[in-house]
Amino acid sequence: MQENISLKPYNTFGVDVKSKYFAEVRSLEELIETLKFSNSIKLPLLFLGGGSNILLTKDFEGLAIQLNLKGITEEIIDDNQILVTAKAGENWHQFVMFCLDKNYGGLENLSLIPGNVGTSPMQNIGAYGTEIKDIFESCKVLNLETLQIETFNLEQCKFGYRDSIFKQEGKGKYVILEVTFRLTRKNHKIDVEYGAIQSELEKMGITNPTIQDVSKAVISIRQSKLPDPKVIGNAGSFFKNPTIPLSQFEALKQKFENIPGYPNGNFVKVPAGWLIEQAGWKGKQIGNVASNQLQALVIINATGNATGKEIFDFSTMIIDSVKEKFGIKLEREVNII
């Protein structure tokens, strides 16, 4: 247990705030011991994974726990299916690469997403037409009140768009210990319909892609658009893509004929990046904070010296600007602490 520790190395925005107490745990036993201590003096808790989906806006007056549980196990189900379980502290992209090296299919469209495995169900992370819920089997969690281990299946997780029970009624009640995915061993479903994957594969001269080819295409696209958090502080996509009623979209189409949309029944998902760019924010910098010049959906710590409050205020200005221009209120995807 350490005191007054800077959390700058533990969040991808590189925001320098302090935590009153800090502990790194490498096993379930260490975690339970640490939680018993925090319960005895009633400390607020902050769990840190890869630090890729949080914005720290002030010093934390509690106990920050770096969850560093490691390990991957496999269980063959049948000729085509395998369950692969990863502990919460495993790096997400390295886990995806582990599965692809073994020719396990299902995770390839989720290559190069920052963060750790443990936070993936919380956000129901997704990219290029795939979400966690599509390959999720179950997760083991620790109930923070009873300190008992519980298992959540797909239905119990209540996955939605960048949403789950862990962001709603289960928020602050559980910590995810490990996640199990149901993947394919041979009859892989190749999904190249979303975004620029198809054109990227064509550039690579590939007509019959493997899951490894899809992963390479996704990595190439992401690297061309998204800044590396090790180089410039960011948390990836800062906002969710808004879903609006079809009638509202059609009305907007009359005014903004180029507005893109992805229909889903009576609703249409509109790319937040397009809205932000059209509102004049792409590449715009105010003080230490900017909207990324290649992908407006990403807010960056442009100078490396931005405070969490500066980043939050910048995001509020974007929300207000898009609302004024399009009548659509953007929702932050990043967790604000």
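Note that the structure is predicted; figures quoted are calculated from it, not measured.
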Quiz prompt | Short side-chain to backbone donor-acceptor contact, Asp313 and Glu310, under 3.5 Å | solution = no
Quiz item: What's the spacing between Ser27 OG and Leu69 CG if we round to 0.5 Å?
Solution: 7.5 Å
Quiz item: If two hydrophobic side chains count as joined below 4.5 Å and joins carry through other members, does Leu226 share a cluster with Ile276?
Solution: no
Practice problem: Indicate yes or no for a side-chain donor-acceptor contact from Glu30 to the backbone of Arg26 under 3.5 Å, with no hydrogens or angles considered. | Solution: yes
Quiz item: Distance from Leu107 atom CG to Ile132 atom CD1, nearest 0.5 Å?
Solution: 7.0 Å
Quiz item: Thinking salt bridges, do Glu200 and Lys203 make one under a 4.0 Å N-O criterion?
Solution: yes
Practice problem: Heavy atoms only: give me the nearest Val322-Ile328 pair and the separation to one decimal. | Solution: CG1-O, 3.6 Å
Self-check item: ILVMFWY network linking Phe47 to Trp92, side-chain heavy atoms under 4.5 angstrom
Solution: no
Exercise. Ignoring hydrogens and angles, tell me if any N or O in the side chain of Thr12 forms a donor-acceptor pair with the backbone of Gly51 under 3.5 Å.
Key: yes
Exercise. Working to the nearest 0.5 Å, report the span between CE of Met122 and NZ of Lys167.
Key: 9.0 Å
Self-check item: Flag if over 12 foreign heavy atoms under 6.0 Å of NZ, Lys171
Solution: no
Quiz item: Is atom CG of Asn4 surrounded by more than 12 heavy atoms (other residues, nucleotides or ligands) closer than 6.0 Å?
Solution: yes
Quiz item: Are the side chain of Gln212 and the backbone of Leu100 linked by a donor-acceptor contact shorter than 3.5 Å?
Solution: yes
Quiz item: Would you say Asn264 has more than 12 foreign heavy atoms packed within less than 6.0 Å of its CG?
Solution: no
Quiz item: Is the closest side-chain heavy-atom distance between Phe159 and Glu131 below 4.5 Å?
Solution: no
Quiz item: Do Ile318 and Phe239 pass the side-chain contact (heavy atoms from CB on, under 4.5 Å) test, and can you show the C-alpha distance, the side-chain angles, and the key distance before you say yes or no?
Solution: CA-CA 10 Å; Ile318 290 176; Phe239 301 99; 4.0 Å; yes
Quiz prompt | Donor-acceptor side-chain pairing of Asp16 and Ser6 below 3.5 angstrom | solution = yes
Exercise. Taking the side chain as every heavy atom from C-beta outward, state whether Ile76 and Arg185 have any atom pair closer than 4.5 Å.
Key: yes
Self-check item: Within 6.0 angstrom of Lys20 NZ, more than 12 heavy atoms from elsewhere
Solution: no
Quiz item: How about Lys140: does its NZ atom have over 12 heavy atoms from other parts shown lying under 6.0 Å from it?
Solution: no
Quiz item: Are Phe166 and Tyr161 grouped together when hydrophobic residues (ILVMFWY) are joined by side-chain heavy atoms under 4.5 angstrom apart?
Solution: no
Quiz prompt | Where Ile219 and Met97 come nearest, the two heavy atoms and their spacing | solution = CD1-CE, 4.2 Å
Self-check item: Rounded distance (nearest 0.5 Å) linking atom CD1 of Ile32 with atom CG of Leu142
Solution: 5.5 Å
Exercise. May I ask whether Tyr262 and Ile259 are part of the same hydrophobic cluster, defined by side-chain heavy atoms of I, L, V, M, F, W, Y residues being less than 4.5 angstrom apart, directly or through others?
Key: no
Self-check item: Test item: side-chain donor near acceptor, Asn116 and Thr119, under 3.5 Å
Solution: no
Self-check item: Single-linkage hydrophobic cluster, 4.5 Å side-chain cutoff, Val179 and Leu110 together
Solution: yes
Quiz item: Centre of Tyr128's six-membered ring, under 6.0 Å away, within 45 degrees of the axis: is that where NZ or CZ of Arg222 sits?
Solution: no
Exercise. State whether the side chain of Asn241 and the backbone N or O of Ala272 hold a donor-acceptor pair below 3.5 Å, judged by distance alone.
Key: yes
Quiz item: For Glu178 and Lys87, which heavy atoms make the closest approach, and how far apart are they?
Solution: OE1-NZ, 3.0 Å
Self-check item: Selection residues 318-337 - residue pairs positive for ring-ring contact (aromatic ring centres under 6.0 Å, His included), sequence neighbours left out
Solution: Phe256-Phe326, Trp274-Phe326
Quiz item: Taking all non-hydrogen atoms of both residues, which atom of Val270 and which atom of Pro260 are closest, and how far apart?
Solution: CG1-O, 3.7 Å
Quiz item: Taking atom CG of Leu7 and atom CD1 of Ile337, what is their separation to the nearest 0.5 Å?
Solution: 10.5 Å
Quiz item: Is the CD atom of Glu150 crowded by more than 12 outside heavy atoms at less than 6.0 Å?
Solution: yes
Quiz item: With a 4.0 Å cut-off, would you call Glu331 and Lys329 a salt bridge?
Solution: no
Self-check item: Side-chain ion pair, Lys102 and Glu74, N-O less than 4.0 Å
Solution: yes
Quiz item: After noting the C-alpha distance and the side-chain angles of Leu31 and Leu177, does the key distance pass the side-chain contact (heavy atoms from CB on, under 4.5 Å) rule?
Solution: CA-CA 10 Å; Leu31 175 59; Leu177 303 173; 3.7 Å; yes
Quiz item: Within the distance-only criterion (no hydrogens, no angle test), does the side chain of Arg162 pair as donor or acceptor with the backbone N or O of Gly126 below 3.5 angstrom?
Solution: yes
Quiz item: Where is the tightest heavy-atom contact between Ser19 and Gly62, given as atom of each residue plus distance?
Solution: OG-O, 3.5 Å
Quiz prompt | Distance in Å, Gln66 CD paired with Thr34 OG1, rounded so as to fall on 0.5 Å steps | solution = 12.5 Å
Quiz item: Just wondering, more than 12 heavy atoms not from Asp78 lying within 6.0 Å of its CG?
Solution: yes
Quiz item: Are Ile165 and Gln156 close enough, and set up right, to give a side-chain contact (heavy atoms from CB on, under 4.5 Å), and what steps lead you there?
Solution: CA-CA 8 Å; Ile165 190 172; Gln156 289 168 319; 6.0 Å; no
Quiz item: Step by step, would you call Val214 with Asn109 a side-chain contact (heavy atoms from CB on, under 4.5 Å)?
Solution: CA-CA 7 Å; Val214 173; Asn109 292 48; 3.4 Å; yes
Please report, to 0.1 Å, the donor-acceptor pairs under 3.5 Å made by any side chain of residues 291-302, with sequence neighbours excluded.
residue	atom	partner	partner atom	Å
Ser291	OG	Trp281	O	3.3
Ser291	OG	Ala296	O	3.1
Asn292	ND2	Lys225	O	3.1
Gln295	OE1	Leu297	N	3.0
Asn301	OD1	Gly304	N	3.0
Asn301	OD1	Asn305	N	3.2
Asn301	OD1	Ala306	N	3.0
Asn301	ND2	Phe13	O	3.0

Quiz item: Looking only at heavy atoms, which two atoms of Glu169 and Lys158 are closest? And how far apart?
Solution: OE2-NZ, 2.6 Å
Self-check item: Step-by-step side-chain hydrogen bond (donor to acceptor under 3.5 Å, both in side chains) determination, Asp213 to Thr210
Solution: CA-CA 5 Å; Asp213 293 330; Thr210 64; 3.2 Å; yes
Quiz prompt | Side-chain heavy-atom pair Thr57, Ile336 within 4.5 angstrom cut-off | solution = yes
Quiz item: Relative to each other, are the rings of Phe181 and Phe136 parallel, tilted or perpendicular (30° and 60° limits)?
Solution: perpendicular
